[in-house]
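To start, the structure under review is shown below, and the notes come after it.
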Amino acid sequence: MDTEIRVQAEALDPLAEIPQVYRGRSEIGGVVSFIGLMRDFNAGDAVSGMTLEHYPGMTEKALAAIVAEAGERWELDAVRVIHRIGALYPQDPIVLVVVASAHRGEAFRGCEFIIDYLKTRAPFWKREQTADGASRWVEARDSDDAAADAWSKEPDRR
Amino acid sequence: MIRVLYFASLRERLGRADEALENHPDSLSALRESLAARGGEWHEVFAGAQPVLAAVNQEMVADDNALADGDEVGFFPPVTGG
């Protein structure tokens, strides 16, 4: 399984990254991707911007462990995970997960697994700026924990 | 000596990003207790109702994890990436 994992301050361009996963690999027949975007509202308030903090060193390790676990559960040919840090604005891509597999079911499940685990285990924290000029930390969601927990209760989730 | 790092809202509430502890407890749970014992905001954070996650040497661990000289401990709120 080829893997590429990046945490970057530079803008993330999903349409430039996705073909990199299958370029030159004619045996790859199916690619699934997830793009997480910054929205202009949260918890009932208009949001004008966001800053993404992370734990340097641990972030890369945590992402690598999540991707490795996906590779153990399913047969994946390639995985690419790119996550932004720093300042973001509405509609900016925050995260990209791309998974290639010979079996499309495994690619779909692998992709969903990776984003579900990333949202509960990768050390990033969002601080958002609301339209009125205030600033607050985004709260973790129970629904994200539930989604991650479900992977241990229904390992193959089909 | 261990290094302790504080992230996100914890860093803001406690007023520091990191510190070195020369005489350190030998487990993560004992470390939490000693930090809570500083009182004030430290007690609010480490003995409060809101979860404080911990990593030792950049891996998430359970509270009974032992601490050794040279370890790096990170404390942080539930994560919100993705």
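Side-chain atoms are counted along with the backbone in the values below, which use heavy atoms only and exclude waters and symmetry mates. Here the structure is a predicted model, which is why all the values come from computation and not from measurement. Naming: A, B, ... by sequence-line order, numbering from 1 per chain.
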[Y] reachable from [X] in the ILVMFWY side-chain graph, under 4.5 Å edges:
X	Y	answer
A:I85	A:I66	yes
A:F108	A:I115	no
A:I114	A:V7	yes
A:V32	A:F34	no
A:Y117	A:L63	yes

I need the B:L53 CG to A:R121 CZ distance, nearest 0.5 Å.
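Between B:L53 CG and A:R121 CZ, I get 11.5 Å after rounding to 0.5 Å.
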With rounding to the nearest 0.5 angstrom, report the CD to CD distance, A:E139 to B:Q50.
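Here the rounded value is 7.0 Å.
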Part of B:L5 within contact of chain A (heavy atom distance under 4.5 Å):
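Side chain only.
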Where on [X] is there a heavy atom nearer than 4.5 Å to chain B: the side chain, the backbone, both, or neither?
X	answer
A:R127	side chain
A:A62	neither
A:K126	both

Quick check on the structure: residues of residues 6-25 of chain B within a heavy-atom distance below 4.5 Å of chain A, by number.
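Listed by number, the contacting residues are B:F7, B:A8, B:S9, B:R11, B:E12.
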Around [X], counting heavy atoms of other residues, nucleotides and ligands shown, do more than 12 lie under 6.0 Å from its [atom1]?
X	atom1	result
B:R38	CZ	yes
B:E59	CD	no
A:D142	CG	no
A:E27	CD	yes
B:E41	CD	yes

Just to verify, which of A:Y55, A:F124, A:W125 counts as forming a side chain to side chain contact (heavy atoms under 4.5 Å, CB included) with B:V79?
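Per the side chain to side chain contact (heavy atoms under 4.5 Å, CB included) rule, the option paired with B:V79 is A:W125, out of A:Y55, A:F124, A:W125.
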Which one of A:P123, A:G57, A:G36 has the most heavy-atom pairs closer than 4.5 Å to chain B?
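Highest number of pairs under 4.5 Å: A:G57.
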Which heavy atom in A:M58 sits nearest to a heavy atom in B:A55, and how many Å separate them?
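Looking at all heavy atoms of both residues, the closest pair is SD-CB, 3.6 Å.
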